[in-house]
Amino acid sequence: MGEGDEVSNKQIIFRDFVTGFPKESDMILSCSKIRLKVGEGSKSVLVKNLYLSCDPYLRGRMNRNPPGHIPSFTPGSPIIGYGVSKIIDSGHPDFKEGDLVWGLTRWEEFSLISETDMLIKIKYTDVPLSYYTGLLGMPGLTAYAGFHEVCSPKKGEYVYVSAASGAVGQLVGQFAKLMGCYVIGSAGSDEKVNLLKNKFGYDEAFNYKEEPNLNEALKRYFPEGIDVYFENVGGPMLDAVLLNMRIKGRIAVCGMISQYNLEKPYGVQNLFCLISKRIRMEGFTVIDYDHLYPQFLELTHQYIKEGKIFYVEDTVEGLEKAPAALIGLFTGSNVGKQVVVVAHE
Ligand code: NAP
C-alpha cells in the first residue's frame, strides 16, 4: 500500500459535555480513515502518536462553559491533549519526516495537525520519549516555574506539596530538596507515601485520607509552620494550610483537583489568614512560562543524567485504555505520571 492510501485511524471521541464526575462512557472509541500524506500546498504535519498524556485540566475542557482560558472540547471530535508524536509527512518547512515532537495532538493513532506552533521538536532522545509527557514536558515545566518563579523559595524553608506523588508534585518536591528546603508531601495512599519518602526524597509524607483533622495533621508535621505551599488540590486542604502558614508565606495555586467535578465548589473559610499573616497567594498557568522551557530542559536533562531526579510513570498500553486512565486521575488510581502508550516508536 502506498503512503498516500487511506488507513484506519482509531480515535477517542468526546461524546458530550459533562457535569459531575466524568465516566469512561463520556469518551467513545471509534475508527475513521486517514490518508498518510499532507495535502498539496498545506503547511500541516501528519504525525503518528506514540504517547498521550492524561492531565487533570482535560476535565475542564469537558464542561460546556469551562471556567478558565481553555475552550471546551467539541462533542463528536477527538479529545485534544499533550502527547509525543513522530512526523510521518510534513508540509511545514520547520518539520520533516522522522522528527520527534511533543505538544498538542489528538487522541487518535494518526493526526493531521495545522497548529504546528503547539509542537516542540524533541532535542534529547537519550531518555525515554514518554518523559516529554511529564518530566520534560508540560507538567515538568509547571513544577519548575511554579516552584522557582511563583513560590520565591529560600534555602531551609518549610515547603508543603499536596498531590505530591503525581506528575507535578513528585517534581516540585525534588526541585525543593535540590535547593535545600525541608519538604513534606501528602498523597492518597500508603504506597504513594512510601514513594514520597523513599524515592522522591521528601523529608516526610502522610496519607491525607487517614487524617480526620487536616489542621491537626499539618500542625503535627509543621510545628514551626509552612513557608511555601504548592497547591494542587484546593478545598478543605487549602483551609487547613491557611491556618498553618507562617508570616510572609507564599502559596502557589497550581491546581484544585478536588473541585473539578463539583457542581458547587467548596467555600474556603480561612482567607483572613492572608491578611493576618501577610501571605502571598498567587495562581499561575504554565503557558505564562513557555519562555523558560529551554533553560528548564537543559537543567532537568542534566539532573536526569546525573541521577539527581527520580521519576515515576504509570503507563497503560493501548489507546482504548485512555478514557479509564484519564478518569482515574480523579480517584487517585494513578501512581506517578499517567501516560497512555499508543504505539512504540
Ligand atoms: P497527578 O497528581 O498526576 O494526578 C492527580 C492526583 O490528584 C491523583 O492521583 C490524586 O492523588 C489527586 N486527587 C484526585 N482527586 C483528589 C481530591 N478530591 N482531593 C485530593 N487529591 C485528589 O496530576 P498532575 O498532572 O500532577 O496535576 C496536579 C495538579 O496540578 C492538578 O490540580 C492540575 O490541574 C494542576 N496543574 C496545573 C497546571 C497549571 O498550569 N497551573 C499545569 C499542570 C497541572 P492522591 O492519591 O494523592 O489523592
Side-chain angles (χ1 to χ4, degrees), residues 20-22 52-63 66-70 81-82 133-135 137-147 149-151 160-175 184-196 200 202 205-211 214 217 229-241 251-262 265-266 281-290 292-293 296 311-315 325-340:
F21 273 78
L52 296 175
S53 176
C54 292
D55 293 294
Y57 84 92
L58 294 174
R59 172 63 187 87
R61 300 200 69 176
M62 296 178 165
N63 288 333
H69 49 289
I70 309 177
Y82 285 94
T133 64
L135 175 56
M138 182 279 281
L141 182 61
T142 303
Y144 176 80
F147 183 65
E149 302 292 312
V150 185
C151 295
Y160 174 50
V161 185
S162 54
S165 70
V168 176
Q170 59 175 298
L171 303 173
V172 174
Q174 294 183 78
F175 287 135
I184 299 183
S186 59
S189 74
D190 292 346
E191 180 191 7
K192 293 181 181 184
V193 167
N194 185 40
L195 263 180
L196 290 173
F200 299 138
Y202 275 72
F206 65 93
N207 181 346
Y208 71 93
K209 289 182 179 164
E210 285 178 357
E211 295 290 347
L214 293 173
Y229 174 46
F230 196 98
E231 165 70 299
N232 282 323
V233 303
M237 183 62 88
L238 175 58
D239 252 337
V241 168
I251 300 177
V253 185
C254 174
M256 293 194 166
I257 195 168
S258 73
Q259 304 299 294
Y260 296 173
N261 301 311
L262 302 184
Y266 172 88
M281 181 158 132
E282 182 178 341
F284 73 98
T285 71
V286 63
I287 51 175
D288 301 333
Y289 296 96
D290 280 352
L292 295 184
Y293 185 72
F296 155 76
Y311 183 56
V312 172
E313 291 179 320
D314 192 331
T315 308
L326 176 60
I327 64 171
L329 296 178
F330 301 99
T331 52
S333 70
N334 60 307
V335 179
K337 168 68 203 168
Q338 184 66 65
V339 182
V340 178

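Just so it is clear, the structure is predicted and the values come from calculations on it, not from any experiment. What you see below is based on every heavy atom in this structure, not just the backbone, and it leaves out hydrogens, waters and symmetry mates. In listed order, ligands and their atoms are each counted from 1.
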Sequence neighbours left out, what passes salt bridge (Lys or Arg N to Asp or Glu O under 4.0 Å) with Lys192? Give chain and number order.
-> none
State which residues pass side chain to side chain contact (heavy atoms under 4.5 Å, CB included) with Glu191; sequence neighbours excluded, sorted by chain then number.
-> Ser189, Val335
With Glu211 via side-chain hydrogen bond (donor to acceptor under 3.5 Å, both in side chains) - residues at least two apart = Arg220
Please give the N or O to N or O pairs under 3.5 Å between ligand 1 and the protein, distances rounded to 0.1 Å.
residue: ligand 1; atom: 3 (O); partner: Ala167; partner atom: N; Å: 2.9
residue: ligand 1; atom: 3 (O); partner: Asn334; partner atom: ND2; Å: 3.2
residue: ligand 1; atom: 4 (O); partner: Asn334; partner atom: ND2; Å: 3.3
residue: ligand 1; atom: 9 (O); partner: Lys192; partner atom: NZ; Å: 3.3
residue: ligand 1; atom: 9 (O); partner: Asn334; partner atom: OD1; Å: 2.5
residue: ligand 1; atom: 9 (O); partner: Asn334; partner atom: ND2; Å: 3.4
residue: ligand 1; atom: 11 (O); partner: Lys192; partner atom: NZ; Å: 3.4
residue: ligand 1; atom: 21 (N); partner: Tyr208; partner atom: OH; Å: 3.2
residue: ligand 1; atom: 26 (O); partner: Ala167; partner atom: N; Å: 3.2
residue: ligand 1; atom: 26 (O); partner: Val168; partner atom: N; Å: 2.8
residue: ligand 1; atom: 30 (O); partner: Asn232; partner atom: OD1; Å: 3.3
residue: ligand 1; atom: 32 (O); partner: Asn232; partner atom: O; Å: 2.9
residue: ligand 1; atom: 32 (O); partner: Tyr260; partner atom: OH; Å: 3.2
residue: ligand 1; atom: 34 (O); partner: Tyr260; partner atom: OH; Å: 2.7
residue: ligand 1; atom: 40 (O); partner: Val286; partner atom: N; Å: 2.7
residue: ligand 1; atom: 41 (N); partner: Cys254; partner atom: O; Å: 2.9
residue: ligand 1; atom: 41 (N); partner: Phe284; partner atom: O; Å: 2.9
residue: ligand 1; atom: 46 (O); partner: Gly188; partner atom: N; Å: 3.3
residue: ligand 1; atom: 46 (O); partner: Lys192; partner atom: NZ; Å: 2.6
residue: ligand 1; atom: 47 (O); partner: Gly188; partner atom: N; Å: 2.8
residue: ligand 1; atom: 48 (O); partner: Tyr208; partner atom: OH; Å: 2.5

Any Leu171 side-chain heavy atom under 4.5 Å of Phe147 side chain | no
Roughly how far, to the nearest 0.5 Å, is CG of Asn232 from CD1 of Ile257?
-> 8.5 Å
Of all heavy-atom pairs linking Asp314 and Gln338, the shortest is O-NE2, 3.0 Å
